[in-house]
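Down below is the structure, laid out as structure tokens.
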Amino acid sequence: MNQKLKEKILESLSAVLPITGIVLLLSILLVPIDLGTMVMFIVGAIMLVIGMGFFQLGAEMSMTPLGEGIGVQISKTRHIPLIFLIGFSMGAIITISEPDLQVLAEQVPSIPNLTLILTVAVGVGIFLAVAIIRILFQINLSTILIVLYTVLIGVSFLVSRDFLAVAFDSGGVTTGPMTVPFIMAMGVGLASVRGDKNASSDSFGLVALSSVGPILAVLILGMFFSPSEAAYAAAGVAAVSTTRDVVREFLFSMPPYVREVLISLVPVAAVFIFFQLFTHRYPRRQVKRVSVGFAYTYIGLVLFLCGVNVGFAPVGSLMGNEIASEPWKWLLVPIGMLIGYYIVKAEPAIQVLNRQVESVTNGSVSAKSMNLCMSLGVSASVGLSMMRVLTGLPIQWIIIPGYLIALVLSRFVPRMFVGIAFDSGGVASGPMTTTFLLPLSIGACDAIDGNLMTDAFGVVALVALTPLIAIQLMGILYQYKMRLTDRQMVQETEVLDVMDDIIEFEEDDEDGGQS
């Protein structure tokens, strides 16, 4: 086996083991699960581990160099209409290719799938173009975010309450395993040509602004559509009794993902071919490496999505339903927080972001500290989501104050952390959130006869919100430590200067005495 692939699979194993252990423990102590369902879950977990290993290596080999190369080429022109056209086209193509968006579109049947997908794609395309222009012209990210989220909050009061959760969820699902590696690398490519002191910090923020676009676009769409009659078909637990049944279930479930991921990757591969023909940027060896990377990405996403949807989602829905049906249903909140803490480590896009942050900051912000902050943030958000399911608390009461806090913090933290924080919100809400936490929430909501559209939906939006605050608080702590370090260095310098003066005085005194 390829040594690099082996390392990625082992990383994936360490990320997925905790959530698998939690589910197994809950099945023993609180929610008994029959052996057939548990075998399905374990096989799904194995596919998830292998798939995530392939995907991470594939994204590193293909999506990252492609995004960075396009970013470098864009930065060489100042023709704004051309920049906007390229940014819009890339944003729309990548978004239409995003598997998570297909999942959300299926869950809102009152709006035609194509209508919702194209609306979101247009939103991402416009705002990715805006994000590129921001980097090239060094416009302050915090200022733009404050303006945009003020507009978002204002528009949210004009839209039906039944539509709000879906609209904010759309911002999370668009920044998934396909888009994040590409967009993050594009930011690095754009900033690398500048070479000024703010270039590294400005390489972040593309994902943040690309997440705003779909929310605003879907909120506007909500003025014309009402999803109050939308129904969500919860994933059923497959009835299996033998190992042959388990294998058959996964094999028969795989073709849709084979087709879906192929449709997702073809436009991106076409962009790579088109880009290489016109720029000849990559040598033949690099072209071969990128092609192999696309193959790894394809295999990884097929295994990942099949394993998660067939093995994980049904168990999530079952557990949510069973726990909420018991007198001790409030345990759903701490259980959700525990699952949220560990599930974020299994998100493929999170690992891409964390490695890039560690690389850009030269290790000042480690992947380990990023993981901890993201885990704490997502844990809090899942706890809030479970509380919403049980109480029917309107999502505006959490979303609006949350974004206001995040925007206020953005004026006090280093520029780099603003981009990292708002990017982290987008990447935290990936496939694991939509295929385990959302079914968990829906299963619980169904058990207590709650309103799915207002109470169950919104978990993706909250998962995308809390890391914004957690990472910026880490930025404030980082800034405080840096100031202490600088102060200590100044004091040490002053002490050394004094000691040098004393030594010089003593030497002069000795010279005077000898003379």
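These numbers come from the heavy atoms of this one structure, side chains and all, not from hydrogens, waters or symmetry mates. Count residues from 1 along the sequence.
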When rounded to the nearest 0.5 Å, the distance separating CD1 of I132 from CZ of F88 is 12.0 Å
Minimum heavy-atom distance between Q472 and F417, given as atom pair plus value: CG-O, 4.3 Å
For the residue pair L465 and S381, establish whether any side-chain heavy-atom pair is separated by less than 4.5 Å. no
Students often mix this up, so state it plainly: with edges at 30° and 60°, are the rings of F54 and Y296 parallel, tilted or perpendicular? perpendicular
Less than 6.0 Å separating the ring centroids of Y149 and Y403? yes
Can you find a pair of side-chain heavy atoms, one from L128 and one from I183, that are under 4.5 Å apart? yes
Note: I399 and A461 closest approach over all heavy atoms is CD1-CB, 4.1 Å
Spacing of M63 atom CE and F294 atom CZ [to the nearest 0.5 Å]: 6.0 Å
When rounded to the nearest 0.5 angstrom, what is the spacing between NZ in K8 and CD in Q56? 5.5 Å
Minimum side-chain heavy-atom gap R248-V240 below 4.5 Å: no
Between T143 and I139, is there a side-chain heavy-atom distance shorter than 4.5 Å? no
Nearest 0.5 Å, please: how far is CD in E68 from CZ in F182? 11.5 Å
Criterion side chain to side chain contact (heavy atoms under 4.5 Å, CB included) on V212 and V130, from CA distance to verdict: CA-CA 11 Å; V212 175; V130 170; over 6 Å; no
Looking at side-chain heavy atoms only, is the closest gap between S375 and Y342 below 4.5 Å? no
Under 6.0 Å between ring centres, would you say that holds for F272 and Y282? yes
Scanning both residues in full, the closest heavy-atom pair of P314 with N309 reads CD-O, 3.3 Å
Answer yes or no: is there a donor N or O on one side and an acceptor on the other, between the side chain of T64 and the main chain of A59, under 3.5 Å? yes
F422 and I471: CA distance, side-chain angles, deciding distance, side chain to side chain contact (heavy atoms under 4.5 Å, CB included) verdict: CA-CA 9 Å; F422 280 84; I471 297 295; over 6 Å; no
Determine whether a donor-acceptor pair (N or O, by modelled atom type, separation under 3.5 Å) exists between the side chain of Y298 and the backbone of V258. yes
Could you tell me which non-hydrogen atom of A456 sits nearest to which non-hydrogen atom of I442, and how far apart they are? CB-CG1, 3.7 Å
Please tell me whether F278 and F274 form a close aromatic pair, meaning their ring centres lie under 6.0 Å apart. yes
For M337, give me all partners under side chain to side chain contact (heavy atoms under 4.5 Å, CB included), at least two apart in sequence or on another chain. V333, S379
Between I9 and V49, the two heavy atoms sitting closest are O-CG1, 3.6 Å
Taking all non-hydrogen atoms of both residues into account, name the closest pair between L219 and A167 and its distance. CD2-CB, 3.6 Å
Look only at the side chain of S441 and the backbone of L437, and say whether a donor-acceptor pair between them is shorter than 3.5 Å. no
If only atom types and distance count, is the side chain of S410 paired as donor or acceptor with the main-chain N or O of V418 below 3.5 Å? no
Nearest 0.5 Å, what's the CG-CG distance between L303 and L48? 10.0 Å
Any V218 side-chain heavy atom under 4.5 Å of F168 side chain: no
Between K4 and M61, does a side chain to side chain contact (heavy atoms under 4.5 Å, CB included) hold up when you go through it step by step? CA-CA 11 Å; K4 194 72 174 177; M61 294 170 64; over 6 Å; no
Are any of the side-chain heavy atoms of R284 and K288 separated by less than 4.5 Å? no
Going from CD1 on I22 to CG on L338, what distance comes out if it is rounded to the nearest 0.5 angstrom? 3.5 Å
Got Y341 and L376 here, is their nearest side-chain heavy-atom distance under 4.5 Å? yes
For L85, give me all partners under side chain to side chain contact (heavy atoms under 4.5 Å, CB included), at least two apart in sequence or on another chain. S89
L468 and L409: side chain to side chain contact (heavy atoms under 4.5 Å, CB included), yes or no, with the steps? CA-CA 9 Å; L468 274 61; L409 284 173; over 6 Å; no
